[in-house]
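Encoded as structure tokens, the structure appears first; notes follow it.
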Number of protein chains: 2
Amino acid sequence: MSNIALPVASFSPLYQQIKSMILASLQASEWLPGEAIPSEIELATRYAVSQGTVRKAIDELAAENLLVRRQGKGTFVATHQEDDWQYRFLRLEPDSGEKIHLKNQFLSCKSIDASDFVARLLKLKQGESVLQIDRIQTFAGKPVVFEEIWLPESRFAGLNLEALNIWPGPMYAFYESQYATHMVRAEEKIKAIAADSILGSHLHVAQGAPLLSVERVAFTYGNKPVEIRYARYDTIDQHYVNKLN
Amino acid sequence: MSNIALPVASFSPLYQQIKSMILASLQASEWLPGEAIPSEIELATRYAVSQGTVRKAIDELAAENLLVRRQGKGTFVATHQEDDWQYRFLRLEPDSGEKIHLKNQFLSCKSIDASDFVARLLKLKQGESVLQIDRIQTFAGKPVVFEEIWLPESRFAGLNLEALNIWPGPMYAFYESQYATHMVRAEEKIKAIAADSILGSHLHVAQGAPLLSVERVAFTYGNKPVEIRYARYDTIDQHYVNKLN
DNA sequence: GAGTGGTCTAGACCACATC
DNA sequence: ATGTGGTCTAGACCACTCG
């Protein structure tokens, strides 16, 4: 007879369990974006482990950009409302190297039935209603981005064009403050495409001009997809940057 | 009078200094890619610090993908010659989701004077000689990538077309085994461009067809740039993927 | 000065790979 | 059985922030 057995519940270190518990608190909005979480010592007593174990759990969450450590002050829940996080997911920059500052111009915001494509990516049931937002972003007066955005209406109920136009900052800060939805990470698929007449008129380029197609799915806590963006960039004077490690 | 002074040599923790020393050993090829470095205990006695301090230094180097930890075996210098690292920097994948496997076809390899563009990015003196390599990569029989590569000839002396054609694996494994040059990280700038007649004939697309332009600078230890790639991808059936955290 | 995160140590013990 | 990395602890002390 063989003694070999598949590990049923493979070894899980203490700090991983602590990490899960902190994650659960974040997901349950026990601590909100921008707020401080309890001190390491406090968490250590709460979970009945040593400070070092809590430290290791927090270290990993900080490495994943869910928490932010600030020496002497505390550990804070990451937020898109801080200045340096405003453009955390924006990879477009001018060829000149200067910092880009995009100006928003919302075109429409309407409720529709989710297409197959959108339903699949947002993990919605066929035909559930979603909000579709169209916008153009300009830089130095020139249109650079045309974007279609889809959001599950259940989570973003009541969102409308006026609210978007009033909001001064980036959208992820808007989601956070108005809909208690913090974006944790995103995945993008990039292609080169040719402008059709509609894109051409929005971005002021000729039909057939090459554009960068950027398809993004953004996730909140628990790997839950809650936003899709289908963007087209005019990359005549700017480019998409990426660092490979 | 004010007591305020700018910190001249701001506080540097011990583990950072250990990290620098390990880094120096890597750069000096004291341990080669794929080899094990000394055990934590051994390094602790060598540097006269505790094991925990060495651990923290190694942890950071592992997070930066310079070292790879393997429980029970040791800590190893990262290498592009391992199976799972072969395509560490390749972000192209078929729309179908299957794993891509590109086939190389080297067109030329010649020594030229560095252009301004290349000299600037490789930090070479004006007019120093570089190798230019042209290649096409095919997937499922179709040409997908056309790429121009520039290398400083001083570091890659003797590299020629025949050697490239004989080599079976990826180029970064080739650099490592033949020219003692390990790539640590890379930066890419991406645009959408229109195919000209030359690109069109290489990639079997019409003139004016949209292509993805990917400009890469790759770095070895010490942030030294040692390779430039100017690639154009046909993204009809594949896309560039990126994860944002 | 008090509170927070950051560093460093020493030691015990666990999980994994290898002989 | 031995050696390696991985976890966990307890305690001391340092660096930073703020009132």
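Here is how names work: the chains are called A, B, and so on, in the same order as the sequence lines, proteins then strands, and each is numbered from 1. Note that the structure is predicted; figures quoted are calculated from it, not measured.
- Rounded to a whole Å, the CD1 atom of B:Ile58 is 7 Å from the P atom of D:dG5.
- The CG-C1' distance, from B:Leu43 to D:dG5, rounds to 13 Å in whole Å.
- Between A:Tyr172 and A:His182, the distance from one ring center to the other does not fall under 6.0 angstrom.
- Residues A:Gly72 and A:Leu14 both approach DNA chain D. Their nearest nucleotides, taken by heavy-atom distance, put A:Leu14 toward the 5′ side.
- Listed candidates were C:dG6, D:dA10, C:dC8. Nearest to the side chain of A:Glu40 is C:dG6.
- Rounding to whole angstrom units, CG of residue A:Asp59 and C1' of C:dT4 are separated by 15 Å.
- Remark: P of C:dT4 and CG of A:Leu67 are 16 Å apart, rounded to the nearest angstrom.
- Here B:Glu40 pairs with B:Arg55 in a salt bridge; the nearest charged N to carboxylate O distance falls below 4.0 Å.
- For D:dG6, one of the phosphate oxygens OP1 or OP2 lies less than 4.0 angstrom from a side-chain nitrogen or oxygen of B:Arg69.
- Distances shown here put a side-chain N or O of B:Thr53 below 4.0 Å from the OP1 or OP2 atom of C:dT9.
- Minimum atom distance to the side chain of B:Tyr15 is reached by C:dT7, of the listed C:dA15, D:dT9, C:dT7.
- Listed candidates were C:dG6, D:dG5, C:dA15. Nearest to the side chain of A:Gln71 is C:dG6.
- A:Thr75 has no side-chain polar atom (N or O) that falls below the 4.0 Å cut-off from OP1 or OP2 of C:dT4.
- Computed from coordinates, the B:Phe11 CZ to C:dG6 P distance equals 12 Å when rounded to whole Å.
- Place A:Val49 and B:Ile37 on DNA chain D by their nearest nucleotides, and B:Ile37 ends up nearer the 5' end.
- Between B:Lys73 and C:dT18 there is a side-chain polar atom (N or O) within less than 4.0 angstrom of OP1 or OP2.
- In this structure, B:Gln51 places its CD atom 8 Å from P of D:dG5, rounding to the nearest Å.
- As judged by a 4.0 angstrom heavy-atom cut-off over every strand, B:Arg55 is placed among the base-contacting residues.
- C:dT4 atom P lies 6 Å from atom CD1 of A:Ile41, rounded to whole Å.
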Take A:Gln137 and A:Gln105 through the test side chain to side chain donor-acceptor pair (under 3.5 Å) and record every step on the way to the result. CA-CA 6 Å; A:Gln137 291 179 287; A:Gln105 194 178 314; over 6 Å; no
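- Among residues two or more places apart in sequence or in another chain, the side chain to side chain donor-acceptor pair (under 3.5 Å) test is passed with A:Glu162 by none.
- Side-chain contact check for B:Ile22 versus B:Trp31: some heavy-atom pair is nearer than 4.5 Å.
- Regarding A:Lys19, its NZ atom lies at a distance of 17 Å from the C1' atom of D:dC8, rounded to whole Å.
- For A:Lys56 and D:dC8, the shortest distance from a side-chain N or O to OP1 or OP2 is not below 4.0 Å.
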